[in-house]
Amino acid sequence: MRDDQSQLLRSARGRADYPRWLPLVPAAMLVVLGALNLVNVWTRGSTPFFSGGFGMHSTYASPLFRFFRVYRVLPDGLEERVEFRQPGPLEPALHTATPERLTRLLRQRVPQAAGTYRVELWQFGYRPGYTSRDARITIDLVMDETLELER
Amino acid sequence: MWSPSASVLVAAWWQRLSAHDPWETTLRLTAVYALVRFGLNRGAAGFLVGVLAVVALVFPRACRSWVLWGGIALSLAAYEWSAATAYSEDLLGMSWFLALTIAAWADPEHGQTRRLSARSLIGIVFAQAFAWKALLTQDFIDGSFMRFSLMFCSVFDDVTLRTGLMSRAEYDAVSALYTGIQQADGSLTTAVAVPEPFSVTVAAGVITVWTLLTEGAAGVAFLAPSRFVIYRIRNVVLLTFLGTVYFFLPVQGFGLVFASMGYAQTEDDEVRARSLYLCMFFAILLWFYLLNGSDVIQILRRLAPGS
């Protein structure tokens, strides 16, 4: 009877024999996710806003400062600019621009799209200069992808 | 206006606030956070998180159950797994729910598990944020990033306009420049000059230095061993950061989860810090969800002498 009571009491108060590293598991998980995000930023041009990279508002590699330009490639090889409403900052293609994400985005934003399209992903930057009068805005090409869209 | 009876009332309120059981209050604060941040969006998984959070708030026994917190953590994990990208704040929230699941299962009474998890999570997030700003990129540390952000970032435009850092005409000019570059073709042959107001340059410098100082100090303070002096001022550092940053930046989710974790990691005798974290949590909640914080800033500007 006494054993039963003490067992009940122990289960209500927790487990004395839990591994001591267990409370550090959540933080370790964030370290691993942060490291993976860093690899993605360096190798795939991702941003540190998502996937556990806690570098929000620290670099121009941000979905808030990226934008797309979309061109339709005509049969004669010339290109015409396609009217394209810029997506919001939560758009995954702004974070990591894979061909699959770009195709899905193009299908959403340009419903009639068919044929060959070229998508450019640009990123704003800033050269501050020595005084505020010398400040200059810049843009850098993050990615240039040609996509074939079937009707 | 301030009478002795008001002092007595405040003292009584403060005493009552301080007497709350830290474990129970940690769970309730986190339930409120889960409800307002994830319960109203994130689809079916968010709905489940919301329902479980309401159960936690209504039924004290369920609130203490590791199964409930495991359910909340798993629901959010399922959403993040299926989402194309997981916003970092969601992953922090999920980690905190997991930490509470572990604490409720292993050691709800003494609170060592809860404290260690909360401290390590706060420390790791601030260390990563500081590393990004100070070590991994040059964009932030030279001040240019905040100058650019205050003028062009949609997160800041409400604050810069309402605090008077930029006039409407200045804001319209830089917005037109930004949109014009997006609509043009090809790269910029020459970098385009920006009409940067001097007030923005100064404010950006202050914000840059302040952010580096507070984030770096919070990372060190929460990861330092308890015998270090900086560990003993960790609550001052985090409360200062919360009180100065989250009332200007509309990233209230981070504010709420840091206030909850800050509360959870206090030692039994740190009554004042615990009460301040509690006040901070409700102040952020009130500021962003019941009042519109930037409206309040504008009203204060109008009331200021000479305006």
Side-chain angles (χ1 to χ4, degrees), chain A residues 12-16 18-19 22-31 33-34 37-38 41 48-62 64-65 67-69 71 81 86 89-93 95-96 101 122 124-128 131-141, chain B residues 84-88 91-92 95-96 98-99 102-110 112-117 120-121 123-126 128-129 131-133 136-137 139-140 142-145 147-149 152-155 177-178 181-182 185 187-188 191-194 196-198 200-201 249 251:
Chain A
R13 287 177 179 174
R15 287 151 181 79
Y18 70 89
L22 200 58
L24 297 173
V25 166
M29 192 173 80
L30 284 189
V31 171
L33 288 170
N37 176 261
L38 196 58
V41 169
F49 262 69
F50 296 91
S51 316
F54 288 92
M56 290 81 84
H57 305 296
S58 66
T59 164
Y60 300 106
S62 154
L64 295 158
F65 301 139
F67 65 93
F68 291 105
R69 287 174 183 162
Y71 299 89
R81 182 84 178 256
Q86 296 297 329
L90 293 177
E91 167 57 44
H95 167 56
T96 308
R101 288 179 181 181
W122 292 86
F124 278 101
Y126 202 50
R127 282 189 219 145
T131 68
S132 57
R133 284 164 189 261
D134 301 330
R136 297 285 186 273
I137 195 167
T138 61
I139 51 170
D140 295 305
L141 187 64
Chain B
T85 50
Y87 185 44
S88 296
L91 295 175
L92 176 59
S95 306
W96 180 227
L98 174 65
I102 293 169
W105 176 79
D107 172 34
E109 194 154 274
H110 299 104
Q112 285 310 321
T113 309
R114 172 188 88 230
R115 290 191 191 102
L116 187 55
S117 288
S120 56
L121 278 173
I124 287 296
V125 171
F126 277 101
Q128 287 196 43
W132 267 108
K133 289 181 175 77
L136 295 170
T137 170
D139 300 346
F140 192 88
D142 67 3
S144 66
F145 180 79
R147 288 164 65 178
F148 181 81
S149 294
F152 296 105
C153 182
S154 55
V155 171
L177 178 66
Y178 195 83
I181 290 171
Q182 287 183 330
D185 288 321
S187 61
L188 300 171
V192 179
V194 179
E196 180 181 318
F198 184 64
V200 166
T201 317
L249 287 185
V251 281

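Every chain is numbered from 1 and lettered A, B, ... according to where its sequence line falls, protein lines coming before strand lines.
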Val194(B) vs Phe148(B) side-chain heavy atoms within contact, under 4.5 Å
no

Portion of Phe68(A) that has a non-hydrogen atom of chain B nearer than 4.5 angstrom
neither

Give the member of Ser154(B), Gly123(B), Ala131(B), Ser117(B) that has the highest number of heavy-atom pairs under 4.5 Å with chain A.
Ser117(B)

Check whether Asp140(A) gets within reach of chain B through its side chain, its backbone, both or neither, counting any heavy atom under 4.5 Å.
neither

Any Phe50(A) side-chain heavy atom under 4.5 Å of Leu91(B) side chain
no

Among Phe140(B), Phe126(B), Phe145(B), Tyr87(B), the residue with the most heavy-atom pairs under 4.5 Å to chain A is Phe145(B)

Interface residue of largest heavy-atom contact number with chain B, from Arg69(A), Met29(A), Met56(A), under 4.5 Å:
Arg69(A)

Quick check on Arg81(A): does its CZ atom have over 12 non-hydrogen neighbours (other residues, nucleotides or ligands) under 6.0 Å away?
yes

With a 4.5 angstrom heavy-atom cut-off, is it the side chain or the backbone of Leu141(A) that approaches chain B, or both, or neither?
neither

What part of Ile124(B) lies closer than 4.5 angstrom to a heavy atom of chain A: side chain, backbone, both or neither?
side chain

Quick one: which of Leu136(B), Asp142(B), Ile102(B), Leu92(B) has the most heavy-atom pairs under 4.5 Å with chain A, could you say?
Ile102(B)

Please flag which part of Thr137(B) lies under 4.5 Å from any non-hydrogen atom of chain A: side chain, backbone, both or neither.
side chain

What distance do His57(A) atom NE2 and Phe49(A) atom CZ have between them, rounded to the nearest 0.5 Å?
4.5 Å

Is there a side-chain contact between Trp96(B) and Pro26(A) in this structure, where contact means two heavy atoms from C-beta onward sitting under 4.5 Å apart?
no

Leu33(A) CG to Leu38(A) CG distance, which is reported to the nearest 0.5 Å
12.5 Å

Going by side-chain contact (heavy atoms from CB on, under 4.5 Å), Ile139(A) matches just one of Phe65(A), Tyr60(A), Phe124(A). Which one?
Phe124(A)

Note: vs chain B, highest number of non-hydrogen pairs under 4.5 angstrom among Val41(A), Leu64(A), Leu30(A) is Leu30(A)

